[in-house]
Amino acid sequence: SGMRENLSYEQFGAAVRDLAQTIADDGYQPDVVLSIARGGVFVAGGLAYALDCKNIHLVNVEFYTGVGTTLEMPVMLAPVPNAIDFTDKKVLIADDVADTGKTLKLVRDFCLDAVAEVRSAVIYEKPQSLVKCEYVWKRTDEWINFPWSVLPPVHRSGAAPKENKEAL
Ligand code: 5GP
């Protein structure tokens, strides 16, 4: 549709507390929060504090190359976490959004063999997601602008192109 869902850092702060409250009210007390880098790191950090869980792990998954453009399948990048760390643990997978759900499915399947229980928490879930997350803050079918990725990377201030320096 071309419409965007814009999330600010302030809204994110409230969203992650809401999401944690839903998880706590559901009686789920994870032993480990497993974040999917990079967007899921923000969510995992907020949830781990709010749920008083000190054990955070991270998995790197590469899928999106731009707005709506993807690799064929998501891939887990090295270093892959050691499944032994999750043996008999209650794991909460945290990500920013389940879009196709392929990323979450990859990580979920990676966990399923070893863990006692695995559940997933996301800020957003889109209708087409093939993984239905246990915990979702908001559903949308729009492209989401997250506060951490909406702006381009910063560059060293002195390294601006010559034309720009002269304009200052
Ligand atoms: P999936 O595998 O569910 O299609 O995609 C998951 C990952 O793709 C997310 O963790 C996120 O990094 C990226 N992604 C998917 N949809 C969106 C979106 O609407 N906005 C942004 N900024 N990233 C997205």
Side-chain angles (χ1 to χ4, degrees), residues 1-20 22-23 28 30 32-51 53 55-81 83 85-86 90-115 117-155:
S1 64
M3 290 291 291
R4 297 292 170 99
E5 166 83 15
N6 284 292
L7 186 74
S8 68
Y9 271 114
E10 198 171 347
Q11 290 166 324
F12 165 71
V16 82
R17 288 292 300 190
D18 277 359
L19 197 54
T22 304
I23 295 166
Y28 194 58
V32 181
V33 178
L34 176 58
S35 60
I36 304 180
R38 290 172 289 175
V41 173
F42 295 88
V43 183
L47 290 178
Y49 267 108
L51 295 170
C53 173
N55 197 356
I56 299 189
H57 286 254
L58 183 152
V59 62
N60 281 291
V61 179
E62 190 170 272
F63 193 12
Y64 280 74
T65 52
V67 176
T69 58
T70 63
L71 306 170
E72 199 166 317
M73 285 301 294
V75 287
M76 278 172 73
L77 304 179
V80 171
D85 293 332
F86 306 135
K90 281 189 281 175
V91 175
L92 181 68
I93 300 173
D95 206 354
D96 47 4
V97 48
D99 188 318
T100 64
K102 287 180 182 176
T103 300
L104 265 167
K105 187 176 186 316
L106 179 76
V107 176
R108 206 186 218 317
D109 289 350
F110 169 79
C111 290
L112 272 175
D113 291 335
V115 303
E117 191 167 1
V118 59
R119 297 188 187 179
S120 303
V122 291
I123 303 290
Y124 292 101
E125 187 178 277
K126 301 195 186 178
Q128 66 270 19
S129 176
L130 57 91
V131 168
K132 302 301 168 197
C133 296
E134 285 80 3
Y135 307 111
V136 176
W137 179 67
K138 188 174 175 181
R139 296 173 197 282
T140 184
D141 58 5
E142 292 169 355
W143 184 263
I144 305 138
N145 285 334
F146 290 101
W148 42 85
S149 55
V150 70
L151 297 173
V154 296
H155 294 285

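Quick caveat, the model's predicted, so the values are computed rather than measured. Just follow the structure's listing: the first ligand is 1, and inside any ligand the first atom is 1. Values below: all heavy atoms of this structure, side chains included; hydrogens, waters and symmetry mates excluded. The first residue of the sequence shown is numbered 1, and numbering continues consecutively from there.
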(message) If we ignore hydrogens and angles and just use 3.5 Å, is the side chain of Y28 paired with the main-chain N or O of V91 as donor and acceptor?
(response) yes
(message) I need the contact type for L104 against ligand 1. Using non-hydrogen atoms and a strict under-4.0 Å cut-off, is it side chain, backbone, both or neither?
(response) neither
(message) Measuring from non-hydrogen atoms of K126 to any atom of ligand 1, is the shortest distance under 4.0 Å?
(response) yes
(request) Could you list all the salt bridge (Lys or Arg N to Asp or Glu O under 4.0 Å) pairs where at least one residue sits in residues 129-139, not counting sequence neighbours? (result) E5-K138, R108-E134, E125-R139
(request) Show which atoms of ligand 1 fall inside a sub-4.0 Å distance from at least one heavy-atom site of V97. (result) 6 (C), 9 (C), 10 (O), 11 (C), 14 (N), 15 (C), 16 (N), 17 (C), 24 (C)
(request) Ignoring hydrogens, just give me the one of W143, W148, Y124, F63 whose non-hydrogen atom is nearest atom 18 (C) of ligand 1. (result) W143
(message) Are F63 and D99 packed together at the side-chain level, in the sense that at least one heavy-atom pair is separated by less than 4.5 angstrom?
(response) no
(message) Under a 4.0 angstrom heavy-atom cut-off, which atoms of ligand 1 come close to T100?
(response) 1 (P), 2 (O), 3 (O), 4 (O)
(request) Answer yes or no for A98: is there a heavy-atom contact with ligand 1 below 4.0 Å? (result) yes
(message) Does K105, at its NZ atom, have more than 12 non-hydrogen atoms belonging to other residues, nucleotides or ligands within less than 6.0 Å?
(response) no
(request) Please determine if D95 has a nitrogen or oxygen closer than 3.5 Å to a nitrogen or oxygen of ligand 1. (result) yes
(message) To the nearest 0.5 Å, what is the distance between CD on Q11 and CH2 on W137?
(response) 6.0 Å
(message) Which label fits F12 and Y9: parallel for a plane angle under 30°, tilted from 30 to 60°, or perpendicular past 60°?
(response) perpendicular
(message) Taking 4.0 angstrom as the limit and counting only heavy atoms of D99, give me the atoms of ligand 1 inside it, by number and element.
(response) 1 (P), 3 (O), 4 (O), 5 (O), 15 (C), 16 (N), 17 (C)
(request) Answer side chain, backbone, both or neither: which part of E5 comes under 4.0 Å from ligand 1, heavy atoms only. (result) neither
(message) If the contact criterion is a heavy-atom separation under 4.0 Å, does G39 count as touching ligand 1?
(response) no
(message) F146 versus ligand 1: do any nitrogen or oxygen atoms come within less than 3.5 Å of each other?
(response) no
(request) Quick one: list whatever passes ring pair (Phe, Tyr, Trp, His ring centres under 6.0 Å) with F86, sequence neighbours left out. (result) H57
(request) For S129 and V131, indicate whether the former's side chain and the latter's backbone hold a donor-acceptor pair under 3.5 Å. (result) yes
(message) Can you confirm, on distance only, whether ligand 1 has an N/O atom lying under 3.5 Å from any N/O atom belonging to N145?
(response) no
